[in-house]
Amino acid sequence: MSELRFDNQTVVVTGAGGGLGREYALFFGSRGANVVVNDLGGSHKGEGHSSKAADVVVDEIRKAGGKAVANYDSVENGEAIIDTAIKNFGRIDVLINNAGILRDISFKNMKDQDWDLINRVHIYGAYKCARAAWPHFRKQKYGRVINTASAAGLFGSFGQTNYSAAKLSQVGFTETLAKEGAKYNIIANVIAPIAASRMTATVMPPEVLEQLKPEWVVPLVAVLVHSSNTSESGGIFEVGGGHVAKLRWERAKGALLKTDSSLTPQSILAKWDDVNDFSKPSYPSGPADFMSLLEEAQGLSANPSAPDLDFKGRVALV
Ligand code: NAI
């Protein structure tokens, strides 16, 4: 099997001055891509800034014979990052929204600043970069996006309400990008990685981190953003330590209750076993699934054949 190459493509990696981002950038640089190495160069808590982190990685890529330029903007300024790609290389093909910070603190002690900073970097930052890349992707009918979630977002994690909320948002964001992008050959997927980095160094012992090299996350990302991937979009992937698995939503059997005055708290409690019955699960992938389920159950006039609702269809469901 020949290796996956990215010649003549431009890949933007945010937060590429260290950790996972650095590994992505080095990889794409070694596989023929023009790489924009973005990094604000601050602390893991989002304080300060420096051009050094991005410069070091650009140097590494160039010394190895690759093509790369640095960008030092915060992801909150996504236009400037995508502009760096357009000005230097004339195009953008792949966006890896990877930049991130932590402001871990128990919910009891959470301050607005901890909440807001996490949201600005993870949610607003990912939005701004994707929003700036989007017109280019649509125009050229080609684009690949990776957003970065976390097990903390999918499952919750003590002391990380801010980070968990921001990270699960990447799932909804990605799934809608995948739906809106499909017509334009824009593919978007979300990963929940686990890897040794300065972020995890504070919470995991060295012997565990040894099993979680960040370079082991890179091959999955390469597969998902390569031009040969024309169908895997809107996926959620758990990846780290050599393990790669897709995750999805699972719906229990559920209770079907009459929609009349008999629908009371007691009637739900009486069916609690059905609400929790995962013995024959279904795997919903869009709002249309829910409407068809209701139609089946209650004879509503939804259109169950509509796989992805367009904007007008969506309004009816809000
Ligand atoms: P890291 O701290 O080593 O790297 C993050 C990079 O993002 C840093 O170089 C930092 O300077 C940069 N950055 C931070 N704020 C920025 C901003 N506003 N604009 C531009 N750059 C900024 O962390 P790591 O572990 O490599 O994390 C990468 C991504 O993976 C993050 O989104 C993180 O939340 C996510 N993640 C990592 C996990 C892990 O096990 N390492 C687990 C789950 C998610």
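These values consider heavy atoms only, across backbone and side chains, with no hydrogens, waters or symmetry-generated copies. The model shown is predicted, which means the values in this text are computed figures rather than measured ones. In each ligand, atom 1 is the first atom listed, and ligand 1 is the first ligand listed.
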Exercise. Is R31 close enough and on-axis enough to F6, meaning under 6.0 Å and within 45°, for cation-pi?
Worked result: no
Exercise. Looking at Y24, is R22 sitting on its ring face, NZ or CZ under 6.0 Å from the six-membered ring centre and within 45 degrees of the normal?
Worked result: no
Problem set entry | Near ligand 1, at a heavy-atom separation below 4.0 Å: residues by chain and residue number | G15, G18, G19, L20, N38, D39, L40, G41, G42, D73, S74, V75, N98, A99, G100, I101, V121, H122, T148, A149, S150, Y163, K167, P193, I194, A195, S197, R198, M199, T200
Cut-off 3.5 Å, no hydrogens considered: what does the side-chain donor-acceptor table look like for residues 235-246, sequence neighbours left out?
{"from": "E238", "atom 1": "OE1", "to": "H243", "atom 2": "NE2", "distance (Å)": "3.0"}
{"from": "K246", "atom 1": "NZ", "to": "E232", "atom 2": "OE2", "distance (Å)": "2.5"}

Problem set entry | Selection residues 34-45 - residue pairs positive for salt bridge (charged side-chain N to carboxylate O under 4.0 Å, His left out), sequence neighbours left out | none
Exercise. Do D116 and R120 meet the salt-bridge criterion of a basic N to acidic O distance under 4.0 Å?
Worked result: no
Problem set entry | Pairing residues for Y124 by the ring-ring contact (aromatic ring centres under 6.0 Å, His included) criterion, not counting sequence neighbours | Y127
